[in-house]
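Data block below; observations after.
Letters go in sequence order (proteins before strands), and every chain restarts at 1.
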There are 2 protein chains.
Amino acid sequence: MTDSAPAGDDLVRVLATLSNPHRLRVVAALTRGRTYVSQLARQLDISRALLQVHLKKLEAAGLVSSQLELSEDGKAMKFYEMKPFSIHLTPESIADAVETLTDEKGSSR
Amino acid sequence: MTDSAPAGDDLVRVLATLSNPHRLRVVAALTRGRTYVSQLARQLDISRALLQVHLKKLEAAGLVSSQLELSEDGKAMKFYEMKPFSIHLTPESIADAVETLTDEKGSSR
DNA sequence: GGCACATGCCAACAAAACTTAGCACGTGCC
DNA sequence: GGCACGTGCTAAGTTTTGTTGGCATGTGCC
């Protein structure tokens with residue numbers, strides 16, 4: 001793992017990622033097992049385009065991982081699966097995280 | 001506490017509220033002790049108008065509470081303080097919360 | 001009265017997030 | 001070839017969120 005973003009900014013990103021019903025449903029679905037995009041889209045009854053955006057955000061936040069695989073009949077299928085994580089939120093843990101928050105919005109400014 | 005919103009929607013609201021640097025800083029500040037709006041605005045170096053919006057969101061999410069008090073010299077001062085909370089986020093806890101998610105956006109629709 | 005301090009609200013703009021629709025590409029099979 | 005299934009992208013629209021600035025209220029004090 002690249003220790004890129006400070007813990008504080010990281011927390012913000014993860015929380016922002018998880019504060020969306022669609023993405024929570026994706027997390028719930030993937031917790032029950034890995035699947036590929038089209039399958040998941042049908043399962044959740046949302047468009048592929050929409051699901052892909054949400055999956056990318058989840059992956060960007062480091063909450064899920066993906067691997068491209070070829071099915072027996074040669075079709076490219078992208079599988080996603082949960083990455084285990086455990087975040088304990090309390091006023092104190094947040095106060096700690098704030099210590100490592102980057103000043104402005106974009107890190108560079 | 002009014003058991004209004006389903007646990008799932010509640011979680012979404014809390015996470016959305018906490019996914020903002022300004023609000024995290026407010027939480028951090030209030031964790032160190034209660035204060036009133038103007039004081040907090042100076043402390044965090046942001047405008048009162050902006051701070052008030054964020055405080056309202058925090059209060060709406062049930063993370064902080066406020067009480068209007070009169071100082072010795074009769075000035076009305078609004079004090080805010082943290083409400084203790086503890087949220088454990090894991091793929092499983094999220095999967096559970098999803099069970100109680102309201103279908104569409106606004107509960108009524 | 002005028003200044004310093006406190007509160008509140010709102011209109012307006014700016015920015016970010018979400019969603020849709022359509023296009024591209026590829027495969028296997030009738 | 002045409003259809004069903006898989007992938008990816010992006011432009012354009014809507015909606016939500018964040019932020020600013022102004023103006024209202026109130027108090028005490030010189």
Side-chain angles (χ1 to χ4, degrees), chain A residues 9 12-26 34-61 64 66-80 101-109, chain B residues 9 12-27 34-61 64-80 101-109:
Chain A
D9 299 320
V12 172
R13 188 172 316 110
V14 170
L15 294 182
T17 303
L18 292 177
S19 63
N20 175 293
H22 281 322
R23 288 192 288 268
L24 287 192
R25 289 204 184 84
V26 170
R34 69 201 296 267
T35 4
Y36 59 99
V37 184
S38 290
Q39 159 79 73
L40 190 52
R42 281 188 296 263
Q43 196 172 316
L44 299 176
D45 194 37
I46 61 178
S47 72
R48 271 196 1 272
L50 180 54
L51 177 58
Q52 278 173 332
V53 173
H54 288 312
L55 283 172
K56 272 182 192 161
K57 286 211 169 185
L58 284 165
E59 191 163 26
V64 306
S66 64
Q67 41 279 141
L68 190 62
E69 295 180 13
L70 293 177
S71 65
E72 297 182 354
D73 52 337
K75 282 175 191 154
M77 304 169 88
K78 191 157 193 181
F79 281 83
Y80 278 89
L101 262 186
T102 299
D103 280 17
E104 300 302 303
K105 350 211 73 179
S107 55
S108 58
R109 183 185 175 183
Chain B
D9 300 319
V12 172
R13 189 173 314 111
V14 170
L15 295 181
T17 302
L18 291 178
S19 64
N20 174 295
H22 281 322
R23 290 195 285 270
L24 287 192
R25 290 204 183 85
V26 170
V27 168
R34 69 200 297 266
T35 3
Y36 59 99
V37 184
S38 290
Q39 159 79 71
L40 191 52
R42 282 188 295 264
Q43 196 173 316
L44 299 176
D45 194 37
I46 60 178
S47 72
R48 272 197 354 276
L50 180 55
L51 176 58
Q52 279 173 334
V53 173
H54 288 313
L55 282 172
K56 272 182 191 159
K57 286 213 170 180
L58 285 166
E59 190 163 27
V64 305
S65 63
S66 65
Q67 42 278 143
L68 190 60
E69 294 180 14
L70 294 177
S71 65
E72 297 181 353
D73 53 336
K75 282 175 190 154
M77 303 169 89
K78 190 156 193 181
F79 282 83
Y80 277 89
L101 262 185
T102 299
D103 280 15
E104 298 304 303
K105 350 209 73 177
S107 54
S108 57
R109 183 186 176 186

**OP:** Ignoring backbone atoms, establish whether B/K56 has a side-chain N or O less than 4.0 Å from OP1 or OP2 of C/dG8.
**Re:** no

Original post:
Within the structure, does a side-chain N or O atom of B/K57 lie under 4.0 Å from either OP1 or OP2 of D/dT17?
Top reply: no

Original post:
With respect to the phosphate group of D/dT17, does any side-chain polar atom (N or O) of B/N20 fall under 4.0 Å of OP1 or OP2?
Top reply: no

Original post:
Under the side-chain hydrogen bond (donor to acceptor under 3.5 Å, both in side chains) criterion, do B/S65 and B/E59 qualify, and how do the steps go?
Top reply: CA-CA 6 Å; B/S65 63; B/E59 190 163 27; over 6 Å; no

Subject >> B/K78 side-chain N/O to C/dG8 phosphate OP1/OP2 under 4.0 Å >> reply: yes

Subject >> Sugar-phosphate only, base, or nothing, as touched by A/A76 at under 4.0 Å among non-hydrogen atoms >> reply: sugar-phosphate

Original post:
Are OP1 or OP2 of C/dA17 and a side-chain N or O of A/R13 less than 4.0 angstrom apart?
Top reply: no

Original post:
Are B/H22 and D/dT19 close enough that a side-chain N or O sits under 4.0 Å from OP1 or OP2?
Top reply: yes

**OP:** Figure out the CG/P separation between A/L51 and D/dG8, and round it to whole Å.
**Re:** 10 Å

Subject >> Side chain A/R48 and base D/dG8 donor-acceptor under 3.5 Å >> reply: yes

Original post:
For B/V53 and B/Q39, take the nucleotide of DNA chain C holding the closest heavy atom to each; which residue's nucleotide lies nearer the 5' end?
Top reply: B/Q39

Subject >> Under 4.0 angstrom between B/Q52 side-chain N/O and C/dG8 OP1 or OP2 >> reply: yes

Original post:
When you check the phosphate oxygens OP1 and OP2 of D/dT17, does a side-chain N or O of B/R23 lie under 4.0 Å from one of them?
Top reply: no

Subject >> side-chain N/O B/H54 vs D/dT19 OP1/OP2, d < 4.0 Å >> reply: yes

Subject >> Nearest-angstrom distance from the residue atom CE of B/M77 to P of C/dA4 >> reply: 17 Å

Subject >> C/dA6 OP1/OP2 closer than 4.0 Å to side-chain N/O of B/Y36 >> reply: yes

**OP:** Side chain of A/V37 only, please: which of D/dC5, D/dT7, D/dG21 is the nearest?
**Re:** D/dT7

Subject >> More than 12 heavy atoms of other groups within 6.0 Å of A/D45 CG >> reply: no

Original post:
Can we say B/R34 and B/E69 salt-bridge, meaning some charged N sits less than 4.0 Å from an Asp/Glu carboxylate O?
Top reply: yes

